[in-house]
2 protein chains.
Amino acid sequence: MTNTTLKLLAQQLQLSISTVSRALKDHPDISTATKEKVHALANSLDYEPNAYAIQLRTQSSKIFGVIVPAIANLFYDSFIAAIEEESRKNGYALMILQSSNNTDNELNNLKIFRQNRVSGVFACLSAHTHNLEVYEKMSDRAIPVVFFDIVPKDNKYTKVRMADERCAIIAAENIIQRGAKRVLALFGDPGLSISQKRKQAFQQFMEKYAPKTHCTYENTYSSLEAEAAFKKHLSKTQKFDTVFAMTDEILIGVMKAIQALNIKVPKEIGVISISNGFIPSLYHPNISYVETSGYELGKLAFVQMLANLKGGKTLSELTVDARFIEGGSM
Amino acid sequence: MTNTTLKLLAQQLQLSISTVSRALKDHPDISTATKEKVHALANSLDYEPNAYAIQLRTQSSKIFGVIVPAIANLFYDSFIAAIEEESRKNGYALMILQSSNNTDNELNNLKIFRQNRVSGVFACLSAHTHNLEVYEKMSDRAIPVVFFDIVPKDNKYTKVRMADERCAIIAAENIIQRGAKRVLALFGDPGLSISQKRKQAFQQFMEKYAPKTHCTYENTYSSLEAEAAFKKHLSKTQKFDTVFAMTDEILIGVMKAIQALNIKVPKEIGVISISNGFIPSLYHPNISYVETSGYELGKLAFVQMLANLKGGKTLSELTVDARFIEGGSM
DNA sequence: TTGATTTACGCAAACGATTGCGGTAAATTT
DNA sequence: AAATTTACCGCAATCGTTTGCGTAAATCAA
């Protein structure tokens with residue numbers, strides 16, 4: 001079946017295309033009678049404006065591009081859910097592409113976005129993307145980019161991220177409050193700034209406010225490694241009484257070890273992590289964690305995008321605040 | 001900065017737009033010398049074809065629409081990841097919208113898809129969508145729809161889904177093999193056909209091949225309910241020795257109860273579930289499960305879509321086979 | 001040398017919508 | 001009754017590409 005177009009409506013109503021177009025969008029030039037007729041026919045013929053023709057004419061696509069390392073990720077999908085909600089409210093749709101932490105894919109995705117003339121893009125950098133030239137190209141095209149979570153260092157970009165340092169400090173505070181004597185602190189890929197920030201903030205805070213507490217630091221790249229690291233350190237003579245997991249991935253490894261060794265939480269070992277909350281809720285007792293809400297971050301990112309779209313540039317780094325969620329593991 | 005267009009290239013090269021267009025796509029009519037010149041300039045000026053103009057002209061958008069109940073869902077995101085991969089390979093991009101299990105949203109999403117003239121739609125029905133009229137509208141527009149996971153009953157649609165009955169039977173087989181005497185079988189929302197199918201297949205199989213095994217069936221709507229149900233039944237005089245969780249959600253509830261009560265798996269109670277594997281891998285020992293791969297399903301769905309796009313209709317219901325993954329909980 | 005092909009390119013009409021600029025009849029004002 | 005305003009509406013250009021068709025020049029066959 002052929003799609004209904006303005007032309008078709010115009011023909012059937014013996015009106016010009018421009019009149020039909022204006023009638024449909026309630027232009028004051030058009031009489032009420034005509035408007036009604038047009039609307040009636042448009043409805044009965046199920047007229048849907050051709051988004052491509054509109055974009056071609058108006059040069060604005062009403063589509064946002066989103067780049068995430070992986071869609072299948074607990075953090076990103078709540079982020080996506082948030083901007084999707086907001087987008088819908090504002091008449092935008094989302095085009096989501098995953099980089100799989102691969103710079104080539106990232107490049108390709110950006111290209112697709114450019115070709116589709118997206119109104120803006122939300123981007124989470126691939127783990128090891130350092131060349132931001134591609135993103136410059138977006139600016140050249142006047143396509144605003146809001147970076148989230150994994151963001152570039154340069155201040156000339158608009159970025160939103162978790163308050164990584166705050167997260168780590170809140171965790172440290174609670175660990176101190178627990179009266180921990182020996183803690184095992186597990187962090188992620190040391191090449192990522194998120195790991196660096198969290199670790200540095202944590203370490204500084206601990207050294208300053210609890211110098212007598214003995215902390216062991218380790219970087220792990222996966223759940224399995226985290227599990228192994230936990231077991232390794234546990235087998236030493238000096239056992240630790242508290243473990244801090246920087247991410248869900250690490251927490252998962254830790255909890256597997258804890259279950260395997262049938263360790264009592266929080267009696268024998270206290271556990272605290274940074275998470276969006278899903279994984280911590282899987283265990284009994286619920287794991288206490290510092291909340292980093294992808295959802296909140298998404299909302300914030302959207303606000304930034306809108307600001308960027310309307311006004312000029314909002315070159316700033318905004319962070320979503322964190323809070324401690326009591327679980328029962330501390 | 002103004003975008004590079006064919007017109008711009010044509011002007012600079014003193015050629016016609018059509019020649020430039022043909023040169024860019026390696027049309028035999030154009031001389032090699034000209035092609036080279038055009039390509040060179042196009043590259044240096046960073047020419048990116050305007051997808052909207054192309055779509056307007058060719059009436060094909062190279063975009064697929066995807067409707068899922070929730071992006072933030074372990075099953076759907078692996079499905080999405082799969083079709084995203086395939087789409088990229090085939091030069092398509094994805095437009096993902098979530099229905100939040102709300103029929104109105106679903107309707108709206110379809111509308112956006114129509115307006116954007118997507119090449120096809122992958123749809124997972126909202127839990128309680130029974131009116132498929134909207135989807136008919138897509139067919140009217142010659143937009144193929146491939147339903148996945150939660151699919152309509154009518155045979156005139158193209159659908160892919162998990163082999164629900166098989167899953168349940170495989171689970172039952174393993175339960176029987178374990179020599180279970182009393183089993184607690186927890187299912188989801190009884191209004192969903194997925195719950196019905198799994199339950200029915202499971203029950204029939206058990207009654208036929210292990211009539212002496214005592215099975216208790218219950219439907220729960222959430223993790224919390226599953227947890228409560230588990231605890232309730234455990235407190236009875238006749239304890240069960242095996243528990244079957246139809247979904248991840250239910251498994252989560254069960255495992256929380258198990259942890260809380262410090263029950264030994266598999267010694268005191270065997271656990272088996274149907275899952276894509278992530279949740280089962282979170283526990284120690286790993287939970288044995290019947291695998292339903294969203295990823296596989298995505299691949300299959302894509303094949304169906306392509307077939308639909310090329311040939312005529314492929315009105316069939318394909319299912320992804322299931323297999324048992326040994327964890328250590330049985 | 002002449003007629004028939006090839007080669008290599010340009011013209012112009014779409015695709016569907018938006019919008020500035022007029023234009024004409026009716027209504028209003030003077 | 002003439003002049004002016006108002007209300008409604010149409011014309012046509014435009015966004016950037018694609019593509020059928022036409023045609024000059026170059027090549028070929030005889």
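Within every chain, numbering begins at 1; the chains are lettered A, B, ... in the order of the sequence lines, protein sequences first and strands thereafter. Note that these values count all heavy atoms, side chains included, but never hydrogens, waters or copies made by symmetry. Here the structure is a predicted model, which is why all the values come from computation and not from measurement.
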Walking DNA chain C from its 5' end, the first of B/Q59 and B/P28 to be reached, judged by nearest nucleotide, is B/P28
- C/dC15 phosphate, OP1 or OP2: any side-chain N/O from B/T58 under 4.0 angstrom? no
Here the distance between atom P of C/dT19 and atom CD1 of A/I30, to the nearest Å, is 13 Å
Review point. Would you call B/K89 and B/E84 a salt bridge, taking side-chain N to carboxylate O under 4.0 Å as the test?
Key: no
Rounded to whole Å, the CG-P distance (A/L6 to D/dC11) equals 15 Å
Notebook entry, point to check: Does the side chain of A/N308 come under 3.5 Å of the side chain of A/T158 through a donor N or O and an acceptor N or O?
Noted result: yes
For the side chain of A/R117 and the base of D/dG16, is some donor closer than 3.5 Å to an acceptor across the two? no
Any N or O donor-acceptor pair linking the side chain of A/S16 to the base of D/dC11 at under 3.5 Å? no
Give A/N50 one of three labels, base, sugar-phosphate or nothing, depending on what nucleic acid heavy atoms sit under 4.0 Å from its own.
-> sugar-phosphate
- Donor-acceptor pair present, A/T5 side chain and C/dC15 base, under 3.5 Å: no
Quick one: is B/K35 getting a side-chain N or O under 4.0 Å of the C/dA8 phosphate, OP1 or OP2? no
| What nucleic acid atoms does A/L15 come within less than 4.0 Å of, heavy atoms only: base, sugar-phosphate, or nothing? | sugar-phosphate
Per atom distances to the A/R22 side chain, the nearest of D/dC15, C/dG20, D/dT17 is C/dG20
Here the distance between atom C1' of D/dG20 and atom CG of B/D29, to the nearest Å, is 11 Å
Output for pair (A/T4 OG1, A/N43 CG), nearest 0.5 Å, gives 11.0 Å
Pair B/Y295 + B/F79: ring centers closer than 6.0 Å:
no
*Measure centre to centre between the rings of B/F64 and B/Y92, then say whether the value is under 6.0 Å.*
yes
B/K25 atom NZ is separated from D/dT17 atom C1', nearest whole Å, by 8 Å
Testing D/dC9, C/dA17, C/dC9 for proximity to the side chain of B/T19, the answer is C/dC9
message = Pairing donors with acceptors under 3.5 angstrom, does anything connect the side chains of A/Y76 and A/D149?
response = yes
Considering only heavy side-chain atoms of B/I54, the closest of D/dT17, C/dA8, C/dA17 is D/dT17
* **OP1 or OP2 of C/dC15 under 4.0 Å from side-chain N/O of A/K7** => yes
Discussion item. Under 4.0 Å, heavy atoms only, any strand: does A/S18 hit a base, just the sugar-phosphate, or nothing?
Written reply: base
Picking from D/dC11, C/dC15, D/dT17, the nucleotide nearest the side-chain atoms of B/L56 would be C/dC15
Check your understanding: So, is B/T34 near the phosphate of C/dC9, with a side-chain N or O under 4.0 Å from OP1 or OP2?
Key -> yes
Here the distance between atom P of D/dG10 and atom CD of A/Q14, to the nearest Å, is 10 Å
To the nearest angstrom, the CG-P distance between B/L24 and D/dG16 comes to 15 Å
A/Y52 atom OH is separated from D/dT17 atom C1', nearest whole Å, by 15 Å
Whole-Å distance, B/N116 CG to C/dG16 P, equals 15 Å
